[in-house]
Chemist: 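What follows is a structure written as structure tokens; I'll ask about it next.
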Amino acid sequence: MAKRAIAELLGGSVAIGADVTVQGWVRTRRDSKAGFSFLQLNDGSCFDSLQVVAGSGLPNYSREVLHVGSGCSIRVDGKLVESRGRGQSVELQADAVHVEGWVDDPDHYPISPKRHSFEFLREVAHLRPRTNTFGAVARVRHTLAQAIHKFFDANGYFWIHTPIITASDTEGAGELFRVSVLDAVNPPKDQSGRPDFSQDFFGREAFLTVSGQLNVEAYCLAMTKVYTFGPTFRAENSHTSRHLSEFWMIEPETAFADLHANADLAEALLKHLFRVVLEERADDMEFFEKRIDSQVVRRLRSVVDQPFERMTYSEAIRVLQGASRKFEFPVEWGADLQSEHERFLTEQHVRRPVVVTNYPKAIKPFYMRVDDGGQTVAAMDVLAPGIGEIIGGSQREERLEVLDSRFADCGIDPAHYGWYRDLRRYGTVPHAGFGLGFERTISYVTGMANVRDVIPFPRTPGSVDF
RNA sequence: UCCUCAGUAGCUCAAUGGUAGAGCAUCCGGCUGUUAACCGGAGGGUUGUAGGUUCGAGUCCUACCUGAGGAGCCA
């Protein structure tokens, strides 16, 4: 008998009357004294479960089928038939039910058929994909990842695998995870008594990457259109619903492009992603709309249908200063926008994603291009309701002398960025790029309030279980 | 790192300083082409940890641990 995914059976691609085999995990069992049991079977291939009708004539009916419960894995050979009950169009009339794996302590099986808090499910991250919510998140995450690659491929961008282990810190800020094989208890010491990293694996200090940007710029200045998509690591002691120690980031970089082209690309990318999810994962999105966030589908549609609002930092300051509400932090030109300011702009003022550009030079890193006038840089942040900053990017400083003066301003030794300076010495061109936080994107798309619940195994300060 | 809140049954939560309870889940029985099934019964507890106050602490105090929310930082 042909093995079939439940998505195929429920999707109408298998003829009524076909003999098929399905395999999966039982969600619930309901018995009828009329002589049969209903098993809700889920294999993760789609949101819905398949109803299996197992009759008392099965040789193992009373011995096994009547004891199958939530979490058991089974294989069923049977015939696909039109359902005689309401709630599903088709069901599987079982000819044989084989139990692959029992649940040995049903009383303590964590994924019982009831509502669970997300906090509890994080403690059983190895079993939570068996829930409706986390199955749906996993499928949407997959679909988004695929859509990202397809979008860039269709637009002529090459996927560049930038290194995970690096020696440099992109931002000059942000805490780094050290990569070392030195003896943690008794490391070799240098003359000043500090660990001697010249004896370490790489002969110098090494860290997990916080961004692939600098590396991907090198490939940008050879291949014109490139992007990275991989994990990044920040050892910041952040305890919020928007931060992870290990998260995934998408970073496109485009040569011969300015800030406006960069913003256009960001907008086109987000719109494409939302459109694809609405089309390809309608079943899961219906669930998120019904059970997680009633506005989520409407919000995605409005993003797809409307142009992003764009404003300069200076305009944003004027809007905030003219706002009727009070802010905890003062609004004045030169200060960075606080979370409350960003939320006001995107949630109250424009009520959809907004691109804020041209921030003061003093609050942005060295690699952002200095604008004419010298007070601002060609930076952009895309702010989204409920999430805040979902994209951060800029046109890069391509002029060597300006870059060097920025190194000086920021107190950075240019010698640490030798190869990065080379890119400005040898055939420099204007170029621009941005970073899109993958988990924040999934959070926005699904309405899931915490990024810990849109990555399979979240890593946060003090938590690296599983 | 700072601020706030919370830890009681497998889960979600009650319990005025005075005998630790309910719903769901689980198991057993009943009923039914069922589908968040329904009805009845049963089992299930070191109240996060360690101290302290008190005749008596789940409850009050101290410290610590864990979790959540927010700030900062960022994506």
Side-chain angles (χ1 to χ4, degrees), chain A residues 27-41 48-55 66-67 69-71 81-88 91 93 103-124 127 131-132 170-171 173-175 210-213 231-251 266 291 328-329 336-340 342-343 363-365 381-384 387-393 434-444 449-453 455 460-463 465:
Chain A
R27 288 287 177 83
T28 62
R29 186 193 84 241
R30 295 178 298 274
D31 303 319
S32 168
K33 274 298 178 290
F36 41 85
S37 296
F38 301 99
L39 301 172
Q40 288 300 134
L41 191 66
D48 287 317
S49 299
L50 175 71
Q51 175 160 286
V52 174
V53 184
L66 281 180
H67 300 285
S70 299
V81 299
E82 285 184 25
S83 179
R84 290 166 52 191
R86 274 173 293 190
Q88 60 279 316
E91 63 191 21
Q93 190 69 46
V103 170
D104 62 27
D105 56 342
D107 189 36
H108 290 75
Y109 177 60
I111 313 300
S112 52
K114 68 180 290 293
R115 289 187 66 86
H116 301 283
S117 68
F118 293 142
E119 289 83 357
F120 167 71
L121 290 172
R122 278 172 218 148
E123 297 172 8
V124 288
L127 296 171
T131 64
N132 282 335
T170 300
E171 307 281 341
E175 297 295 319
V210 297
S211 165
Q213 179 198 318
T232 52
F233 308 87
R234 308 264 170 107
E236 286 153 10
N237 197 11
S238 300
H239 298 266
T240 81
S241 59
R242 307 178 306 282
H243 289 86
L244 293 164
S245 306
E246 175 182 295
F247 66 99
W248 288 61
M249 192 153 60
I250 298 96
E251 297 174 284
R291 290 296 168 85
E328 186 184 343
F329 290 89
D336 206 354
L337 298 181
Q338 303 293 316
S339 289
E340 58 173 344
E342 295 181 345
R343 295 183 77 105
I363 59 173
K364 289 294 181 182
D381 282 354
V382 178
L383 311 177
I387 304 290
E389 184 180 345
I390 193 172
I391 283 178
F434 60 82
L436 169 66
F438 192 42
E439 283 73 23
R440 290 185 181 177
T441 304
I442 302 168
S443 182
Y444 185 78
N450 195 313
V451 291
R452 296 178 183 104
D453 298 324
I455 190 168
T460 52
S463 175
D465 297 330

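First the proteins, then the strands, lettered A, B, ... as listed; each starts at 1.
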Chemist: Are any side-chain N or O atoms of A:Glu340 and backbone N or O atoms of A:Phe329, one a donor and one an acceptor, separated by less than 3.5 Å?
Modeler: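 Checking the backbone N and O of A:Phe329 against the side chain of A:Glu340, a donor-acceptor pair under 3.5 Å is found.
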Chemist: Where the side chain of A:Asn237 is defined as all heavy atoms beyond and including C-beta, which of B:U1, B:G33, B:A25 is the nearest nucleotide?
Modeler: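 Selected nucleotide (nearest to the side chain): B:U1.
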Chemist: Under the 3.5 Å rule, do the base of B:U34 and the side chain of A:Gln88 count as making a donor-acceptor pair?
Modeler: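 Yes, the side chain and the base share a sub-3.5 Å donor-acceptor pair.
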Chemist: Taking the nucleotide of RNA chain B with the nearest heavy atom to each, does A:Ile391 or A:Arg291 sit closer to the 5' end?
Modeler: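 First, find each residue's nearest nucleotide; the 5'-ward one identifies A:Arg291.
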Chemist: If I take atom CZ in residue A:Arg30 and atom P in nucleotide B:C31, what distance separates them, rounded to the nearest angstrom?
Modeler: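 In whole Å, B:C31 P and A:Arg30 CZ are 19 Å from each other.
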Chemist: For the side chain of A:Asp107, starting at C-beta, report the closest nucleotide among B:G43, B:G70, B:G33.
Modeler: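 That would be B:G43.
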Chemist: Nearest-Å distance, NE2 (A:His116) to P (B:C24)?
Modeler: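 After rounding, the reported distance stands at 15 Å.
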Chemist: Is it the case that the side chain of A:Thr232 and the backbone of A:Phe247 share a donor-acceptor pair, with hydrogens and angles ignored and the cut-off at 3.5 Å?
Modeler: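 Checked: pair present.
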Chemist: Roughly, in whole Å, what's the span from CD in A:Glu342 to C1' in B:G70?
Modeler: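 Rounded to the whole Å, the gap is 15 Å.
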Chemist: Using a 3.5 Å distance criterion without hydrogens, assess whether the side chain of A:Arg234 forms a donor-acceptor pair with backbone atoms of A:Glu246.
Modeler: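 Not at all, since once roles are kept as given, no pair shorter than 3.5 Å links the two residues.
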Chemist: Nearest whole angstrom, please: distance from the C1' of B:G33 to the CD of A:Gln40.
Modeler: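 Taking CD of A:Gln40 and C1' of B:G33, I get 13 Å after rounding.
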Chemist: Expected output check: what is the dot-bracket annotation of RNA chain B, where ( ) and [ ] are pairs inside the strand (brackets for crossing ones), | is paired with another strand, and pairs are Watson-Crick or G-U under 3.5 Å?
Modeler: (((((((..((((....[..)))).(((((.......))))).....(((((..]....))))))))))))....
Chemist: Could you tell me how far apart A:Arg27 (CZ) and B:C24 (C1') are, to the nearest whole angstrom?
Modeler: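 Rounded to the whole Å, the gap is 18 Å.
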Chemist: Quick check for you: among B:C11, B:A71, B:A68, whose closest atom lies nearest to any side-chain atom of A:Gln338?
Modeler: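 Closest nucleotide among those given: B:A71.
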Chemist: From B:A71, B:G33, B:A68, pick the nucleotide closest to the side chain of A:Phe329?
Modeler: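 Of all the options, the side chain of A:Phe329 is nearest to B:A71.
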Chemist: From the options B:G67, B:G72, B:G33, select the nucleotide whose nearest atom is closest to the side chain of A:Phe36.
Modeler: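 When the side chain of A:Phe36 is considered, B:G33 is the closest of B:G67, B:G72, B:G33.
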Chemist: Which value, in whole Å, describes the distance between the P atoms of nucleotides B:U49 and B:A57?
Modeler: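 Approximately 15 Å lies between the P atom of B:U49 and that of B:A57.
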Chemist: What distance, rounded to whole Å, do you find between the two P atoms, one in B:U47 and one in B:U59?
Modeler: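 Approximately 10 Å lies between the P atom of B:U47 and that of B:U59.
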Chemist: What is the distance from NZ of A:Lys33 to P of B:G33, rounded to the nearest Å?
Modeler: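 Computing the A:Lys33:NZ to B:G33:P distance gives 12 Å.
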Chemist: Between B:G23, B:C74, B:G69, which one does the side chain of A:Ser339 approach most closely?
Modeler: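 Minimum distance to the A:Ser339 side chain belongs to B:C74.
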Chemist: So does A:Glu91 reach the base of B:G33 with its side chain, donor to acceptor, closer than 3.5 Å?
Modeler: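 Yes.
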Chemist: Taking CZ from A:Arg84 and P from B:U32, how many angstroms apart are they, rounded to a whole number?
Modeler: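 About 15 Å, once rounded to whole Å.
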Chemist: B:C74, B:G33, B:G69: which one has an atom nearest the side-chain heavy atoms of A:Glu389?
Modeler: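 Shortest atom-to-atom distance from the side chain points to B:C74.
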Chemist: Among B:G33, B:A68, B:U12, which nucleotide has an atom closest to any side-chain atom of A:Ser32?
Modeler: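 Of the options given, the side chain of A:Ser32 lies nearest B:G33.
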